[in-house]
Amino acid sequence: MINIIWFSFIVVGIIYGIITGNISLVNEEIVTSAKKSLDIFLGIFPTIVLWLGIMTIATDSGLLKKISDFLYPFLCKLFPEIPKGHESLGYISSNITANILGLGNAATPFGLKAMKSLQSLNKDKGKASRSMITFILLNTSGLTLLPTTVITLRSINKSVDATSIIIPTIIVTLVSTISAIILDKLFNKVIK
Amino acid sequence: MNNYILPFIVFLIVIYGIIKKCNVYDSFIKGAKEGIEIAISIFPSILAIIFSSRILISSGFIDFAVSSLEPILEFLSFPKEIFPMALLRPISGNASLSLMLDIFSKYGVDSYLGLIASTLQGSTDTTLYVISLYFGTIGIRKIKYSLYAALLVDLIGIITAITLVNIIF
């Protein structure tokens with residue numbers, strides 16, 4: 001699937017660029033996109049290293065296990081395939097918590113650890129497991145309750161009430177997350 | 001309030017580690033080393049998605065898609081000024097952010113469109129990036145229904161955002 005999208009983006013972009021005469025812009029992007037990716041990568045690289053360091057303290061001290069045990073009654077409904085006490089539950093809890101607190105940068109390393117850990121439970125290593133899809137859908141649905149970046153940009157742009165969007169954002173996030181959970185259950189029943 | 005969250009989390013983790021007689025420094029270094037490996041392993045996925053989405057965006061195809069869908073949007077009473085941003089939101093976080101700033105300067109931060117753009121940016125995520133990053137890093141090829149479902153959720157989010165701004169403001 002990602003294969004097809006990746007391919008179509010490139011082919012459609014280049015053909016459309018040739019037709020419309022935008023090919024010089026496309027050419028420029030091909031030259032500069034690697035540098036842009038590196039900038040994005042360098043932006044999150046130190047955060048990933050830092051947060052995995054901090055999280056390992058929480059793993060070694062048993063704090064992460066405590067948190068995931070506490071959240072287990074809720075998590076086992078979402079992730080029925082994960083056995084109780086499995087390390088992935090700890091990473092999933094940290095990822096969700098970081099997302100809710102609006103710490104998007106810290107959420108990524110926890111999410112990557114969660115996926116790695118879910119992969120160890122996965123029988124078919126090339127195919128997404130049920131828990132992975134649920135976890136991904138939770139992540140793409142937003143989860144953020146405090147949109148800090150948007151609030152900052154709104155106040156920089158002289159909004160009279162920069163925080164006025166917090167309530168609609170929370171409601172939209174809740175609606176998205178609930179529909180993600182429902183759609184996940186639905187799709188899982190229909191598409192095996 | 002916001003300034004207290006991170007210090008509190010770090011404080012809690014370190015204190016709990018010491019109480020449980022953990023060598024917190026060694027744990028940190030061990031985790032950070034593993035962090036370097038994970039971080040490096042995600043670079044190809046980032047590069048791949050940025051490369052292909054930048055080609056598509058720079059070709060002007062998105063603008064073409066927007067203008068050809070305009071009659072349908074009008075029929076659905078979907079604010080057409082928001083459409084390019086809504087279309088790019090799942091593909092590129094930076095592109096949709098700059099479109100949001102564009103809407104701010106054209107129509108005003110607190111305008112109807114400015115409020116929709118802010119809500120949209122804050123409440124949805126860069127779906128395609130998250131999916132390719134998370135699955136790409138662990139080498140999953142068959143992603144089953146995850147992309148359709150995620151994009152459908154994004155659509156629900158966009159419709160909810162527009163409806164809510166209409167109701168609240």
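Below, chains carry the letters A, B, ... as their sequence lines are ordered, and counting in each starts from 1. No hydrogens, no waters, no symmetry mates; every other heavy atom, side chains included, goes into these values.
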- Centroid-centroid under 6.0 Å between B/Phe28 and B/Tyr25 rings: no
- Item | Donor-acceptor contact below 3.5 Å, side chain A/Gln119 vs main chain B/Ile138 | yes
- Quick one: which of A/Thr108, A/Leu112, A/Leu183 has the most heavy-atom pairs under 4.5 Å with chain B, could you say? A/Leu112
- Note on the structure: Under 4.5 Å to a heavy atom of chain A? For B/Val165 that would be neither
- Is it possible for you to say whether B/Ile18 and B/Phe11 belong to one hydrophobic cluster, with membership spreading through side-chain heavy-atom contacts below 4.5 Å? no
- Going only through I, L, V, M, F, W and Y residues with side-chain contacts under 4.5 Å, is there a path from B/Ile140 to B/Phe43? yes
- Item | Aromatic ring proximity, centroids under 6.0 angstrom, B/Phe64 and A/Tyr16 | yes
- Message: Between B/Asn94 and chain A, with a heavy-atom cut-off of 4.5 Å, which part of the residue counts as in contact: side chain, backbone, both or neither?
- Response: side chain
- Message: As an exercise: rank B/Gly114, B/Ala48, B/Gly157 by heavy-atom pairs under 4.5 Å with chain A and give me the winner.
- Response: B/Ala48
- Message: Do B/Tyr145 and A/Ile181 land in one hydrophobic cluster if side-chain heavy atoms of ILVMFWY residues count as linked below 4.5 Å?
- Response: yes
- Any chance NZ of A/Lys125 has more than 12 other-residue heavy atoms, nucleotides or ligands included, within less than 6.0 Å? yes
- Query: chain A heavy atoms under 4.5 Å from B/Phe104: which part of the residue, side chain, backbone, both or neither?
  - Reply: side chain
- Between A/Asn99 and A/Thr97, do the side chains contain an N or O donor and an N or O acceptor separated by less than 3.5 Å? no
- Minimal non-hydrogen separation, A/Phe41 against B/Ala39, with atom names: CE1-O, 2.9 Å
- Message: What part of A/Thr134 gets within 4.5 angstrom of chain B, counting heavy atoms only: side chain, backbone, both, or neither?
- Response: neither
- Item | Side chain / backbone / both / neither for A/Ala107 at chain B, heavy atoms under 4.5 Å | backbone
- Query: Given that the side chain runs from C-beta out, which part of A/Pro168 has a heavy atom under 4.5 Å from chain B: side chain, backbone, both or neither?
  - Reply: both
- Query: How many angstroms lie between OG in B/Ser146 and CZ in A/Arg130, if you round to the nearest 0.5 Å?
  - Reply: 12.0 Å
- When the 4.5 angstrom heavy-atom criterion is applied to A/Ser159 and chain B, the contacting part is both
- Message: Is A/Met115 in contact with chain B via its backbone, its side chain, both, or neither, using a 4.5 Å heavy-atom distance?
- Response: both
- Task: Counting only heavy atoms closer than 4.5 Å, note whether A/Asn27 contacts chain B via side chain, backbone, both or neither.
- Result: neither
- Item | Side chain, backbone, both or neither of A/Ser164 within contact of chain B (heavy atoms, under 4.5 Å) | both
- Shortest non-hydrogen contact from B/Ile13 to A/Ala58? CG2-N, 3.8 Å
- May I ask you to check whether B/Asp125 and A/Thr140 show a side-chain donor-acceptor distance below 3.5 Å? no
- Output for pair (A/Asp60 CG, B/Lys21 NZ), nearest 0.5 Å, gives 16.0 Å
- Query: Could you walk me through whether B/Ser41 and B/Thr137 pass the side-chain hydrogen bond (donor to acceptor under 3.5 Å, both in side chains) check?
  - Reply: CA-CA 6 Å; B/Ser41 72; B/Thr137 307; 5.2 Å; no
- Measuring from A/Ile48:CD1 to A/Lys113:NZ, what's the distance to the nearest 0.5 Å? 12.5 Å
- Answer yes if the side chains of B/Gln121 and B/Ser96 hold a donor-acceptor pair under 3.5 Å, and no otherwise. yes
- Query: Counting heavy-atom pairs under 4.5 Å to chain B, which of A/Ser176, A/Ser179, A/Ser33, A/Gly126 comes out on top?
  - Reply: A/Gly126
- Heavy-atom contact with chain A under 4.5 Å, split by part of B/Ile158: neither
- Query: Measuring heavy-atom distances to chain B, does A/Phe135 have an atom under 4.5 Å in its side chain, in its backbone, in both, or in neither?
  - Reply: side chain
- Query: For chain B, which of A/Ile165, A/Thr20, A/Ile133 has the most heavy-atom pairs under 4.5 Å?
  - Reply: A/Ile133
- Query: Of the backbone (N, CA, C, O) and the side chain (C-beta and beyond), which part of B/Ile168 lies under 4.5 Å from a heavy atom of chain A, both, or neither?
  - Reply: side chain
- Item | Within 6.0 angstrom of A/Lys185 NZ, more than 12 heavy atoms from elsewhere | yes
- Who among A/Thr173, A/Ile5, A/Leu153, A/Leu174 has the most heavy-atom pairs with chain B under 4.5 Å? A/Leu153
- Whether over 12 other heavy atoms sit under 6.0 Å from A/Ile167 CD1: no
- Query: With only heavy atoms counted, which part of A/Ile44 is less than 4.5 Å from chain B, the side chain, the backbone, both or neither?
  - Reply: side chain
- Message: Sort by residue number and list every residue of residues 71-92 of chain A having at least one heavy atom under 4.5 Å from chain B.
- Response: none
- Item | Per-residue contact mode, A/Leu50 against chain B (heavy atom under 4.5 angstrom) | both
- Item | Greater than 12 external heavy atoms within 6.0 Å of A/Asp124's CG | yes
- Message: Using heavy-atom distances under 4.5 Å, tell me whether B/Leu97 contacts chain A through its side chain, its backbone, both, or neither.
- Response: side chain
- Could you tell me which portion of A/Leu137 (side chain, backbone, both or neither) has an atom closer than 4.5 angstrom to a non-hydrogen atom of chain B? side chain
- Highest number of heavy-atom pairs under 4.5 Å with chain B: which of A/Ile10, A/Asn22, A/Leu63? A/Leu63
- Relative to chain B, which of A/Gly17, A/Pro147, A/Gly53, A/Gly13 shows the most heavy atom pairs under 4.5 Å? A/Gly53
- When the 4.5 angstrom heavy-atom criterion is applied to B/Lys142 and chain A, the contacting part is both
- Item | Part of B/Thr119 lying under 4.5 Å from any heavy atom of chain A | both
- Below 4.5 Å from any heavy atom of chain B, which atoms of A/Ile30 appear? Answer side chain, backbone, both or neither. both
